[in-house]
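To start, the structure under review is shown below, and the notes come after it.
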Amino acid sequence: QVQLVESGGGLVQTGGSLRLSCAASGSIFSIKAMGWYRQVPGKQRELVATITSGGSTNYADSVKGRFTISRDNAENTVYLQMNSLKPEDTAVYYCNADVVRGDSDKFLQVPRNYWGQGTQVTVSS
């Protein structure tokens with residue numbers, strides 16, 4: 001089994017910063033991509049940022065220039081540095097990963113998708 005555990009959420013004032021972390025653990029052969037998504041009650045979960053194993057990144061237009069995604073491949077960890085936070089950034093942030101597990105999947109190189117349980121980010125005005 002693979003687990004994703006997020007940390008770093010909290011309450012911050014408008015214009016402030018937070019750094020989210022997501023550590024993957026378990027039977028992992030390789031991680032093809034990791035990303036951050038966020039969700040507000042009653043709304044669809046939306047992509048925030050993704051990063052591939054090669055370092056290619058993608059950002060939602062709403063966070064471009066303010067958020068930076070990075071990863072430490074050796075530690076199977078992805079980060080989201082959030083600067084210039086706005087009240088509209090308030091949401092539960094979820095970590096996501098496409099993982100090739102360290103069992104029979106490593107021979108087939110088949111990725112499986114996993115979600116963390118989320119961390120709350122609240123930006124006060």
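Side chains are part of it too, since the values below use all heavy atoms of this structure and drop only hydrogens, waters and symmetry mates.
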- Atom pair OG1/CZ of Thr57 and Phe67 - distance to nearest 0.5 Å: 14.5 Å
- Note, Ile31 side chain near Arg71 side chain (heavy atom, < 4.5 Å): yes
- Query: Who pairs with Ala49 by side chain to side chain contact (heavy atoms under 4.5 Å, CB included), at least two apart in sequence or on another chain?
  - Reply: Tyr59, Ile69, Leu80
- Message: Quick check: closest heavy atoms across Arg38 and Ser62, and the distance to 0.1 Å?
- Response: NH2-OG, 3.4 Å
- Message: Please enumerate all residues that pass side chain to side chain contact (heavy atoms under 4.5 Å, CB included) together with Asn83, with sequence neighbours excluded.
- Response: Ser17, Gln81
- Message: For Ser84 versus Arg66, what's the shortest heavy-atom pair and its separation?
- Response: O-NH1, 3.0 Å
- Query: Are side-chain heavy atoms of Trp115 and Arg45 found at a separation under 4.5 Å?
  - Reply: yes
- Query: If we only count heavy atoms from C-beta on, is the Val110 to Arg101 side-chain gap below 4.5 Å?
  - Reply: no
- Can you tell me if Glu6 uses its side chain to pair, donor with acceptor, with the backbone of Cys22 under 3.5 Å? no
- Task: Please answer: with hydrophobic residues joined when any side-chain heavy atoms are less than 4.5 Å apart, are Val78 and Ile28 in the same cluster?
- Result: yes
- Any chance you could measure Asn113, atom CG, to Lys32, atom NZ, to the nearest 0.5 Å? 14.5 Å
- Got a salt bridge between Lys86 and Asp89, using NZ or NE/NH1/NH2 to carboxylate O under 4.0 Å? no
- Atom pair CH2 (Trp36) and CG (Leu47), whose distance is rounded to the nearest 0.5 Å: 12.5 Å
- Query: Is the shortest heavy-atom distance from the side chain of Val48 to the side chain of Met82 under 4.5 Å?
  - Reply: no
- Task: Nearest 0.5 Å please: distance from the CD atom of Glu88 over to the OG1 atom of Thr14.
- Result: 8.0 Å
- Message: To check you understand the geometry: which heavy-atom pair defines the closest contact between Met34 and Thr77, and what is its length?
- Response: SD-C, 4.4 Å
- Item | Residue pair Phe29 / Asp105, side-chain heavy-atom distance below 4.5 Å | no
- Message: Counting C-beta onward and ignoring hydrogens, is there a side-chain heavy-atom pair between Ser25 and Asn76 closer than 4.5 Å?
- Response: no
- Scanning both residues in full, the closest heavy-atom pair of Leu18 with Leu85 reads N-CD1, 3.9 Å
- Message: Quick check on Glu46: does its CD atom have over 12 non-hydrogen neighbours (other residues, nucleotides or ligands) under 6.0 Å away?
- Response: yes
- Take atom CD of Gln109 as the centre, draw a 6.0 Å sphere, and report whether it contains more than 12 heavy atoms from other residues, nucleotides or ligands. yes
- Can you find a pair of side-chain heavy atoms, one from Val92 and one from Tyr37, that are under 4.5 Å apart? no
- Verify the cluster assignment for Val12 and Tyr79: are they in a single hydrophobic cluster under the rule of side-chain heavy atoms below 4.5 Å apart? no
- Message: Would you say that more than 12 heavy atoms from the other residues, nucleotides or ligands in this model lie under 6.0 Å from the NZ of Lys43, or not?
- Response: no
- Message: Can you give me the closest heavy-atom contact between Leu4 and Ala24, atom names plus distance?
- Response: CD2-CB, 3.4 Å
- Within the distance-only criterion (no hydrogens, no angle test), does the side chain of Gln39 pair as donor or acceptor with the backbone N or O of Ala91 below 3.5 angstrom? no
- Enter the distance from Leu11:CG to Gln120:CD here, rounded to the nearest 0.5 Å. 9.5 Å
- Is it true that a side-chain atom of Thr90 and a backbone atom of Val123 form a donor plus acceptor pair closer than 3.5 Å? yes
- Task: Please confirm whether the backbone N or O of Ile51 pairs with a side-chain atom of Asn58, one donor and one acceptor, at under 3.5 Å?
- Result: no
